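Read the structure below first, then the notes.
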Amino acid sequence: MEAKEAIAAAKAYLEELFGPELMSPPRLEEIWFDESDKAWCVTFGFFRKPDEVLKTTGRYSTYVYKVVRLTKATGTPVSIKDRDRVAA
């Protein structure tokens, strides 16, 4: 799996899981290859619909960053994490 394929697969997986919560299309922010795990890490940013906590603050949406991790060999998604919790 090459970088372009990893981006397309990661975006499809993210949209499948977060589809109803997306207020904007996911935007590619960064991509890197983790040699230690032989995995692609693809970061997307998007506006997410507010939850009950945000509604009480008067905010209508929040911009979040998610890192989708895919195995290089098969392109299988391994995880999705908030970028803040991922060391680059």
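This is a predicted model, so every value here is computed, not measured. Position 1 is the first residue of the sequence, and the numbers go up from there.
Applying the salt bridge (charged side-chain N to carboxylate O under 4.0 Å, His left out) criterion to E15, with sequence neighbours excluded, gives no partner residue. K38 meets the side-chain hydrogen bond (donor to acceptor under 3.5 Å, both in side chains) test with E35; sequence neighbours excluded. Applying the side-chain hydrogen bond (donor to acceptor under 3.5 Å, both in side chains) criterion to E29, with sequence neighbours excluded, gives R27, Y63. Here D34 pairs with S36, R69 under the side-chain hydrogen bond (donor to acceptor under 3.5 Å, both in side chains) rule; sequence neighbours left out.
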Solution key, residues 71-79 side-chain donor-acceptor pairs under 3.5 Å, sequence neighbours excluded:
unit_1	atom_1	unit_2	atom_2	d
T71	OG1	T74	OG1	2.8
T71	OG1	G75	N	3.4
T71	OG1	T76	N	3.3
T74	OG1	T76	N	3.3
T74	OG1	T76	OG1	2.7

Candidate pair E16 and K11, rule side chain to side chain contact (heavy atoms under 4.5 Å, CB included), full reasoning: CA-CA 8 Å; E16 179 184 333; K11 185 175 181 182; over 6 Å; no

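Apart from F46 itself, the hydrophobic cluster it occupies contains M1, I7, Y13, L14, L17, F18, L22, L28, I31, F33, W40, V42, F44, V64, V68, L70, I80, where clustering links Ile, Leu, Val, Met, Phe, Trp and Tyr at side-chain heavy-atom distances under 4.5 Å.
Within the model, atoms SG of C41 and NZ of K81 stand 9.0 Å from one another, a figure rounded to the nearest 0.5 Å.
Under a 3.5 Å cut-off, the side chain of S24 and the backbone N or O of F47 do form a donor-acceptor pair.
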